[in-house]
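Below: the structure, in structure tokens.
The structure displayed is predicted, hence computed values, not measured ones.
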Amino acid sequence: MDCRPFDRPHRSPPVYLSAQERRRFEAMRHPTSKAHFAGGRWLVREILSKTMARPPQSIDIAIDARGRPFPRPQADSRIAGGRMLEERIDFSLSHSGNEIVLALAMAPADRRRPAVGIDIERVDPQRNWQAIADRRFSLAERRGLRLHRNETDRCLAFFRTWVRKEAFVKALGSGISTNFQRFDVATGAVPGLDGLRIEGEERDRWRIRDLQLSNAPLSETLDPGIVGAIAWKDFESSMD
């Protein structure tokens, strides 16, 4: 979604924001940050409204202990299979430039809340991406980048790898505190988890897919474009 319609530097907080969200909106100084926040919260409420058959303004977005937003259960929430609808929904937001994307996952009635993460980034060859890779990528990923033929290919591979890692961390729910060197993702054209090394996690239950978000060709001149990835964990089979 294009967030530019929400980019109004001197606007008042949108009416659909909760009191807590309005305080957070007003504390933001950069207009782009305000546009991303306002647009993201609008998009979440619009999509959840259709999914939950509720008016958008009635949907309360809370923040958990790890900083992840989630739909707060309401007193009149529909219960199916012993779980409120809100307890079966997970979503993830990401933005880059003027673009905002949302990933939404809903578990069957007898399953726990799923885990989903999404991330997008604009490919920027001027960014000091090599230093970031040296600091944040695992040894296997750094080796993978070096296998690409030239700097153009390595740069694109870096951003593809970065969004795959970010999407996985968002789905994991551990945020920026996660040690990015403790797990590997594929660095080539095909996404995947080459070797999941997060303690207590089962590699076979995780999936990562790339997103096609831009029609701009990433050719030898590396025309600007956006790359993205989505990660999710297969549903658990029990209600305990």
Would a 4.5 Å heavy-atom cut-off, applied to side chains only, mark Leu43 and Ile100 as touching? yes
Any Lys/Arg nitrogen of Arg146 or Glu141 sitting under 4.0 Å from an Asp/Glu carboxylate oxygen of the other? no
How about Arg68 and Ile63: do any of their side-chain heavy atoms sit closer than 4.5 Å? no
Does any non-hydrogen side-chain atom of Phe137 lie less than 4.5 Å from one of Gln181? no
Check for me whether the distance between the ring centres of Phe183 and Phe168 falls short of 6.0 Å. yes
Would you say the side-chain atoms of Thr51 pair up with the backbone N or O of Ile47, donor to acceptor, closer than 3.5 Å? yes
Restricting to non-hydrogen atoms, name the atom on Phe180 and the atom on Val169 that form the minimum distance, rounded to 0.1 Å. CE1-CG2, 3.7 Å
Spatial distance of atom OG (Ser138) from atom CG (Asp184) [nearest 0.5 Å]: 3.5 Å
Residues Lys165, Asp119: salt bridge by 4.0 Å N-O rule: no
Taking the side chain as every heavy atom from C-beta outward, state whether Trp42 and Pro56 have any atom pair closer than 4.5 Å. no
With the threshold set at 4.0 Å, does a side-chain nitrogen-carboxylate oxygen contact exist between Glu166 and Lys170? no
Between the CG atom in Asp90 and the CH2 atom in Trp232, the distance rounded to the nearest 0.5 Å is 13.5 Å
Might you work through the side-chain contact (heavy atoms from CB on, under 4.5 Å) test for Leu48 and Leu104, ending with a clear yes or no? CA-CA 9 Å; Leu48 287 181; Leu104 177 71; 3.7 Å; yes
If you draw a 6.0 Å radius around CD in Gln20, do more than 12 non-hydrogen atoms from other residues or ligands fall strictly inside? no
Begin from the C-alpha positions of Val44 and Leu102 and carry the test side-chain contact (heavy atoms from CB on, under 4.5 Å) through to its verdict. CA-CA 7 Å; Val44 167; Leu102 168 70; 4.0 Å; yes
Heavy-atom closest pair, residues Ala171 and Ala231: CB-O, 3.7 Å
Is Arg127 salt-bridged to Glu121, going by a charged N under 4.0 Å from an acidic O? yes
Would you check, one step at a time, whether the test side-chain contact (heavy atoms from CB on, under 4.5 Å) holds for Leu93 with Ile118? CA-CA 6 Å; Leu93 281 164; Ile118 194 169; 5.7 Å; no
Using only atom types and a distance under 3.5 Å, with no angle test, would you say the side chain of His36 pairs donor to acceptor with the backbone of Asn98? no
Mind checking the OG1-CZ spacing from Thr32 to Phe37? Nearest 0.5 Å is all I need. 15.0 Å
Run the numbers on Glu99 and Ile120 for side-chain contact (heavy atoms from CB on, under 4.5 Å), then give the verdict. CA-CA 9 Å; Glu99 299 298 325; Ile120 60 173; 4.0 Å; yes
Please round to the nearest 0.5 Å and tell me the distance separating atom CZ of Phe70 and atom CD1 of Ile61. 9.0 Å
Whether the side chain of Asp60 engages the backbone of Arg72 through a donor-acceptor N/O pair (distance < 3.5 Å, no angle test) should be reported. no
Taking Ser96 for the side chain and Arg122 for the main chain, is one N or O donor matched with an acceptor at less than 3.5 Å? yes
Evaluate the ring planes of Phe158 and Trp162, with Trp represented by its six-membered ring, and classify them as parallel (under 30°), tilted (30 to 60°) or perpendicular (over 60°). parallel
For the atom pair CG (Asn128) and CD1 (Ile132), what is the distance rounded to the nearest 0.5 Å? 6.5 Å
Write down the atom of Ala229, the atom of Ala167, and the distance for their closest heavy-atom approach. O-CB, 3.5 Å
Under a 4.5 Å cut-off applied to non-hydrogen side-chain atoms, are Ile208 and Ile230 in contact? no
Flag, side chain of Arg22 to backbone of Leu17, donor-acceptor distance under 3.5 Å: yes
Given side chains that start at C-beta, do those of Pro125 and Glu151 come closer than 4.5 Å, heavy atoms only? no
Around atom CD of Gln57, are there more than 12 heavy atoms of other residues, nucleotides or ligands at under 6.0 Å? yes
Close side-chain approach of Val227 to Asp210, heavy-atom, < 4.5 Å: no
Is the closest side-chain heavy-atom distance between Ile59 and Ser49 below 4.5 Å? yes
With a 4.0 Å cut-off on N to O distance, would you call Asp153 and Arg149 a salt bridge? yes
Are the side chain of Tyr16 and the backbone of Ser58 linked by a donor-acceptor contact shorter than 3.5 Å? no
dist Met52:CE -> Met106:CE (nearest 0.5 Å) comes out at 9.5 Å
